[in-house]
Novice: 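First, the structure itself, so that you have it in front of you.
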Amino acid sequence: MSSIPEFTLQNGNTIPLLGFGTAEYPFGSSSETMKETFLHAIKLGYRHFDSAAIYQSEQLLGEAMHDALNLGLIKSRDELFITSKLWCSNGHHDRVVPAIQKTLSNLKLEYVDLYLIHIPVSLKTGEIGLSFKKEDILPMDIKSVWEAMENCQKLGLAKSIGVSNFTRKKLETLLSTAKIHPAVNQVEMNPYWQQEQLREFCEEKGIHITAYSPLGGKGTIWGTNWIMECEVLKEIAKAKGRTIAQISLRWVYEQGVSVVVKSFNKERMKENLDIFDWNLSPDELQKITGIPQRKGFIASEFISDEGPYKTLSELWDGEI
Ligand SMILES: NC(=O)C1=CN([C@@H]2O[C@H](COP(=O)(O)OP(=O)(O)OC[C@H]3O[C@@H](n4cnc5c(N)ncnc54)[C@H](OP(=O)(O)O)[C@@H]3O)[C@@H](O)[C@H]2O)C=CC1
Ligand SMILES: O=C[C@H](O)[C@@H](O)[C@@H](O)[C@H](O)C(=O)O
């Protein structure tokens, strides 16, 4: 069984540097086999699980954890690092604590290790889903939503709190009033979207980055095939006797961030864990740094002629 290195967050809590993504699109489509997949992941040595209210994976993750305890795969819940996320429809001050309480009841846990604002956009509707109306889109009131996130930590419902898909500008807004600093910003990061500037800013502020879609999210509505079809990565993989997925994951890991990768296939779940006892050469790293940059996940469903975000540049504060 592989042992996954950990990183100590600025609040002293530790996060395993490789985590298991639980988002399978369409959400809810694999619920019959999901629990077994999560249990198998625990058997293989995954300890960090990345969930979200919108993924419909919380309940099955909760059941898998329960089974893992009963089977003796883990001795206590504390051996796991569980992340979940606040969906946009709950991105309002008074909906945050009830939302984490619902998440905890789905997971059958007393606390999550990390609770994140999923996307810095709010929706008027109370429903968790992607089929919202354009007129429901609102800019998030970051100050009041973050205050409620801080309450989640103060109440012991989350050991750490953080954000996801936050640009530098939105982090600056948040930091200007935050009493508890975000421990993590979970963002897209892979050889096609290396996030150099955001990483530099977050490092300065002590905010740990978790990379999502490290393989480009191949096969999802938000992802692309760019990584898995990349010639530069293909060549490096061939020369090293590794797979493209392993090269991409190793590159992300070598940047000093944590990474969450999703595979529900037993062989690939094992393959993705095998990235710790070898490394990329300076020449290989340089070739990857030279890959022209393009962002895969653009969240175009939040763009509307009526606003608040009329263009991608407005939504992403000029970063794309
Ligand atoms: N905060 C946010 O907004 C976001 C967070 N996330 C989180 O990050 C996780 C990972 O990102 P995600 O977008 O799912 O994409 P990934 O980059 O992890 O890619 C997942 C896809 O790659 C396939 N795959 C996995 N491993 C391999 C391999 N070794 N070889 C070939 N194909 C492989 C998977 O298929 P298969 O299962 O068949 O192996 C799946 O189709 C998510 O599950 C979620 O938890 C993701 C997007 C946005
Ligand atoms: O976490 C995964 C993704 O963020 C996903 O939940 C959203 O990206 C959603 O598909 C969207 O397009 O807004």
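All ligand and atom numbering here is 1-based and tracks the order in the structure.
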Novice: Which residue and non-hydrogen atom of the protein lie closest to atom 21 (C) of ligand 1, and at what distance in Å?
Specialist: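 For atom 21 (C) of ligand 1, the nearest protein heavy atom is Lys218 O, 3.3 Å.
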Novice: Return the NE2 to CD distance between His93 and Glu147, rounded to the nearest 0.5 Å.
Specialist: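 The distance works out to 6.0 Å.
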Novice: Going by distance only, is there an N or O of Pro214 that falls short of 3.5 Å from an N or O of ligand 1?
Specialist: yes
Novice: Considering Tyr55, Phe49, Phe20, which one's heavy-atom position lies nearest to atom 6 (N) of ligand 1?
Specialist: Tyr55
Novice: Which is closest to atom 38 (O) of ligand 1 in terms of heavy atoms, Arg268, Glu24, Gln186?
Specialist: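 The residue whose heavy atom sits nearest atom 38 (O) of ligand 1 is Arg268.
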Novice: Could you tell me, atom by atom, which parts of ligand 1 come under 4.0 Å of a heavy atom of His118?
Specialist: 1 (N), 2 (C), 3 (O)
Novice: In terms of atom number and element, which parts of ligand 1 are under 4.0 angstrom from non-hydrogen atoms of Ala23?
Specialist: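 Contacts of ligand 1 toward Ala23, numbered from 1: 42 (C), 43 (O), 44 (C).
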Novice: Look at the rings of Trp222 and Tyr25 and say which category their plane angle falls in: under 30° parallel, 30 to 60° tilted, over 60° perpendicular.
Specialist: perpendicular
Novice: Which is it for Ser164 and ligand 1 at heavy atoms under 4.0 Å: side chain, backbone, both or neither?
Specialist: side chain
Novice: Any non-hydrogen side-chain atom of Gln194 less than 4.5 Å from a side-chain atom of Thr289?
Specialist: yes
Novice: In this structure, is the centre-to-centre distance between the rings of Phe297 and Trp226 below 6.0 Å?
Specialist: no
Novice: Using a 3.5 Å cut-off on N/O to N/O, what pairs does ligand 2 make with the protein? A line per pair would be great.
Specialist:
residue: ligand 2; atom: 1 (O); partner: Tyr55; partner atom: OH; Å: 2.4
residue: ligand 2; atom: 1 (O); partner: His118; partner atom: NE2; Å: 2.7
residue: ligand 2; atom: 4 (O); partner: His118; partner atom: NE2; Å: 3.1
residue: ligand 2; atom: 12 (O); partner: Glu301; partner atom: OE2; Å: 2.2
residue: ligand 2; atom: 13 (O); partner: Glu301; partner atom: OE2; Å: 2.5

Novice: Would you call Glu79 and Lys75 a salt bridge, using N to O less than 4.0 angstrom?
Specialist: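 No, Glu79 and Lys75 are not salt-bridged.
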Novice: Is there a heavy atom in Tyr25 that sits closer than 4.0 Å to ligand 1?
Specialist: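 Contact check Tyr25 vs ligand 1: negative.
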Novice: Report the member of Asp274, Ile244, Asn225, Leu215 with the shortest heavy-atom distance to atom 17 (O) of ligand 1.
Specialist: Leu215
Novice: Atom 7 (C) of ligand 1: which protein heavy atom is closest, and how many Å away?
Specialist: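 Minimum-distance protein heavy atom for atom 7 (C) of ligand 1 reads Asp50 OD2, 3.3 Å.
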Novice: So, is Thr220 polar-close to ligand 1, with some N/O to N/O distance under 3.5 Å?
Specialist: no
Novice: Any heavy atom of Thr22 sitting closer than 4.0 Å to ligand 1?
Specialist: yes
Novice: Ring centres of Phe201 and Phe166 under 6.0 Å apart?
Specialist: no
Novice: Output the list of atoms in ligand 1 that are nearer than 4.0 Å to some heavy atom of Lys85, sorted by atom number.
Specialist: 1 (N)
Novice: Quick check: Tyr55 with His118 (ring centres under 6.0 Å apart)?
Specialist: yes
Novice: Testing Ile244, Asp274, Asn272, Leu273 one by one against Leu249 for a side-chain contact (heavy atoms from CB on, under 4.5 Å), which residue passes?
Specialist: Asn272
Novice: Where is the nearest protein heavy atom to atom 10 (C) of ligand 1: which residue, which atom, and how far?
Specialist: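 Checking every protein heavy atom, the shortest distance to atom 10 (C) of ligand 1 gives Val260 O, 3.3 Å.
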Novice: If you have a sec, work out which protein heavy atom is nearest atom 15 (O) of ligand 1 and how many Å separate them, to one decimal?
Specialist: Gly217 CA, 3.1 Å
Novice: If you count the atoms of ligand 1 from 1 in the order shown, which ones are under 4.0 Å from a heavy atom of Ala245?
Specialist: 28 (C), 29 (N), 30 (N)
Novice: Measuring from atom NE2 of His208 to atom OG1 of Thr8, what distance do you get when rounded to the nearest 0.5 angstrom?
Specialist: 10.0 Å
Novice: Is Asp67 salt-bridged to Lys35, cutoff N-O under 4.0 Å?
Specialist: yes
Novice: Report yes if some N/O of Phe264 lies less than 3.5 Å from some N/O of ligand 1; otherwise report no.
Specialist: yes
Novice: So, Glu231 and Lys234, do they make that salt bridge, N to O below 4.0 Å?
Specialist: yes
Novice: More than 12 foreign heavy atoms under 6.0 Å from CD of Glu314: is that the case here?
Specialist: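 For Glu314, atom CD is crowded (more than 12 foreign heavy atoms under 6.0 Å).
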Novice: Under a 4.0 Å N-O cut-off, is there an ion pair linking Lys134 with Asp305?
Specialist: no
Novice: At what distance is the nearest protein heavy atom to atom 34 (C) of ligand 1, and which residue and atom is it?
Specialist: Lys262 O, 3.4 Å
Novice: Among all protein heavy atoms, pick the one closest to atom 26 (N) of ligand 1 and tell me residue, atom and distance.
Specialist: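 Of every protein heavy atom, Asn272 ND2, 3.0 Å lies nearest to atom 26 (N) of ligand 1.
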Novice: Any idea which protein heavy atom is nearest atom 3 (O) of ligand 1, and the distance to it?
Specialist: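 For this ligand atom, the closest protein heavy atom is Asn165 ND2, 2.9 Å.
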Novice: Looking at Tyr46 versus Phe38, is the centre-to-centre ring distance below 6.0 Å?
Specialist: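 That pair fails the under 6.0 Å test.
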Novice: Between Asp50 and Lys262, is there a salt bridge with N-O shorter than 4.0 Å?
Specialist: no
Novice: Tell me, please: is Met228 in heavy-atom contact with ligand 1, that is, under 4.0 Å?
Specialist: yes
Novice: Got the closest protein heavy atom to atom 11 (O) of ligand 1, with its distance?
Specialist: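 Scanning the protein heavy atoms, the shortest distance from atom 11 (O) of ligand 1 goes to Ser213 N, 3.1 Å.
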Novice: Out of curiosity, Ile42 CD1 to Thr37 OG1, how far, rounded to the nearest 0.5 Å?
Specialist: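 These two atoms lie 11.5 Å from each other.
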Novice: Consider ligand 1: state whether an atom of it lies below 4.0 angstrom from any non-hydrogen atom of Gly223.
Specialist: no
Novice: Run through Arg250, Arg242, Lys240 and flag the one making a salt bridge (charged side-chain N to carboxylate O under 4.0 Å, His left out) with Glu284.
Specialist: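 Option passing the salt bridge (charged side-chain N to carboxylate O under 4.0 Å, His left out) with Glu284: Lys240.
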Novice: Scan Val145, Asn151, Asn90, Ile117 and name whichever one has a side-chain contact (heavy atoms from CB on, under 4.5 Å) with Val96.
Specialist: Val145
Novice: Run the contact test for Met269 against ligand 1 with a 4.0 Å cut-off on heavy atoms, strictly below, and give the result.
Specialist: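 Met269: no contact with ligand 1 (<4.0 Å).
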